[in-house]
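Scroll down for the structure; my scribbles are underneath it.
Chain letters run A, B, ... following the sequence lines, proteins first and then strands; every chain starts at 1. Everything quoted here is computed from the prediction, not taken from an experiment.
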2 protein chains.
Amino acid sequence: MARRNDHSKEELAELVIDATRHLVDELGPGRVTARKIADRIGYTPGTLYQRFANLNDIFLHVNAVNLAQLETQLGAAAASAETPIDAVLEMGYAYLNYAASHPNRFALMFTSHVPHGEDAPGHVQERVDALFALVTQQMSVIWPEADAETLELRARALWSGVHGVASLSVRDQLFTRHWQADRKMLNELITRFLR
Amino acid sequence: MARRNDHSKEELAELVIDATRHLVDELGPGRVTARKIADRIGYTPGTLYQRFANLNDIFLHVNAVNLAQLETQLGAAAASAETPIDAVLEMGYAYLNYAASHPNRFALMFTSHVPHGEDAPGHVQERVDALFALVTQQMSVIWPEADAETLELRARALWSGVHGVASLSVRDQLFTRHWQADRKMLNELITRFLR
DNA sequence: CAGAATATTAAACAATGTTCATTTAATCAA
DNA sequence: TTGATTAAATGAACATTGTTTAATATTCTG
């Protein structure tokens, strides 16, 4: 068998990314192998390397997709809020929720060894920027007189905090058995910061 | 060659842990292999598996050592401060500093896939607890009237935030080119929280 | 319809974590 | 001082990994 034009380049790339996405969900980042991806889409491992530089490259593309998805969820959460403070809170909960619902995706994005080299899809940085922008936007409502630099700093500061809670929570490194400790901590962190 | 009593069980275990610690520093968690560890201490890979269940087990022991070291540094930072708020700030800086100085150690502790199973050295949880305790302690000075549960929650909330800044900073995921952005963010986060 | 271009494969490579029978030295009993 | 027992360390093997590449078979082009 060789050269069956079952899929176009773009279709194949999407097949690979999608299969990898699901494999990551099912097995966790560390157990996703080139052969498993190839198996799932009905190709052989070698094929992957024509569209992607290596496995890491594929993971980066998966991250881009997931970040975009996360971004829309955060956007929706913010949109449903009445006040800017509520918006940030809701976004925080949405973030926590995403991490809890898709721990493996979250791990791939933030707690796996996926170095973003030159060949990385520029999308990733853009997506993270967009994420921070959502927070900055709310803060500009809370502090209308603050300059851009201050807002950027504060947004990143608070959101890093939110990220910290989510990170430790997914990895069960909070070591507390309070019910919904992560949500309570998030509430504490955000309200004290924005007050 | 076989059975040369060059080292006792305990000595050998320490040799392994120490060699792994340095290899992690030099190569990053992902590039440390059983053969490299064995090479460095002048043994063969098989030997590692008499003292440790597997590579992951070794990593967990390395984490325990590193956590203890981090703990002493945070303790020292707090001790040198005048006020409790300063103490938390200094601890935060020390945390950030440790992450920046030893990014690979930090990665192994928090951003690598090192599942802590049953066989895990209980030390790890105890070390994390001790770390949180350092923060809680300062907060009990700031809020003398607060009950234990509130303090625990607040300490974990703030420290998760600090951890978030450090995490994103080590991985260059803050995507800002402000000079010492991480330190500024940390200051913002802590002072606003404790104010 | 011949020939060029290319998508896909299959096989190979070195390196990985881990296991285990074998070998060698140290320990113990006499 | 022997001989037998115990245990430490080896080395070879295994399956699996990411990645490369020559060969293959199909589609495209003239």
Would you mind writing out the side-chain donor-acceptor pairs for residues 21-30 of chain B within the sub-3.5 Å range, not counting sequence neighbours?
{"unit_1": "Arg21(B)", "atom_1": "NH1", "unit_2": "Asn66(B)", "atom_2": "OD1", "d": "2.4"}
{"unit_1": "His22(B)", "atom_1": "ND1", "unit_2": "Asp18(B)", "atom_2": "O", "d": "2.9"}
{"unit_1": "Asp25(B)", "atom_1": "OD1", "unit_2": "Arg105(B)", "atom_2": "NE", "d": "3.0"}
{"unit_1": "Asp25(B)", "atom_1": "OD2", "unit_2": "Arg105(B)", "atom_2": "NE", "d": "3.0"}
{"unit_1": "Asp25(B)", "atom_1": "OD2", "unit_2": "Arg105(B)", "atom_2": "NH2", "d": "2.8"}
{"unit_1": "Glu26(B)", "atom_1": "OE1", "unit_2": "Arg40(B)", "atom_2": "NH1", "d": "3.4"}
{"unit_1": "Glu26(B)", "atom_1": "OE1", "unit_2": "Arg40(B)", "atom_2": "NH2", "d": "3.2"}
{"unit_1": "Glu26(B)", "atom_1": "OE2", "unit_2": "Arg40(B)", "atom_2": "NH1", "d": "2.8"}

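Dashed line: the shortest gap from a side-chain N or O of Arg31(B) to OP1 or OP2 of dT16(C) is not under 4.0 Å. Considering only side-chain N and O atoms, Thr33(A) lies nowhere under 4.0 angstrom from the phosphate OP1 or OP2 of dT16(D). One finds no side-chain N or O of Tyr49(B) lying less than 4.0 angstrom from the OP1 or OP2 phosphate oxygen of dT19(C). The shortest distance between the side-chain N/O atoms of Thr47(B) and the OP1/OP2 oxygens of dT10(D) is below 4.0 Å.
Residue Arg35(A) places its side chain closer to dG18(D) than to any other of dG18(D), dA13(D), dA9(D).
Within residues 6-24 of chain A, no residue approaches DNA chain D, by heavy-atom distance under 4.0 Å.
Listed by chain and number, the residues in a salt bridge (Lys or Arg N to Asp or Glu O under 4.0 Å) with Arg183(A) amount to none (sequence neighbours excluded). With sequence neighbours left out, the salt bridge (Lys or Arg N to Asp or Glu O under 4.0 Å) criterion links Arg192(B) to Glu188(B). Qualifying ring pair (Phe, Tyr, Trp, His ring centres under 6.0 Å) partners for Phe110(B), counting only residues two or more places apart in sequence or in other chains: Phe106(B), His163(B). Listed by chain and residue number, His102(A) satisfy the ring pair (Phe, Tyr, Trp, His ring centres under 6.0 Å) test with Tyr98(A) (two or more places apart in sequence, or in another chain).
Among pairs with a residue in residues 72-92 of chain A, none fulfils salt bridge (charged side-chain N to carboxylate O under 4.0 Å, His left out), at least two apart in sequence or across chains. Within the structure, the side-chain hydrogen bond (donor to acceptor under 3.5 Å, both in side chains) test picks out the following pairs touching residues 129-144 of chain A (sequence neighbours left out): Asp129(A)-Arg156(A).
For the pair Asn5(B) CG and dA7(D) P, the interatomic distance rounds to 12 Å; values are reported in whole Å.
Residue-environment remark: CD (Gln69(A)) exceeds the threshold of 12 foreign heavy atoms within 6.0 Å.
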Give every pair of a protein N or O atom and an N or O atom of nucleotides 1-6 of chain C that lie under 3.5 Å apart, one pair per line with the distance.
{"unit_1": "dT6(C)", "atom_1": "O2", "unit_2": "Arg3(A)", "atom_2": "NE", "d": "3.0"}

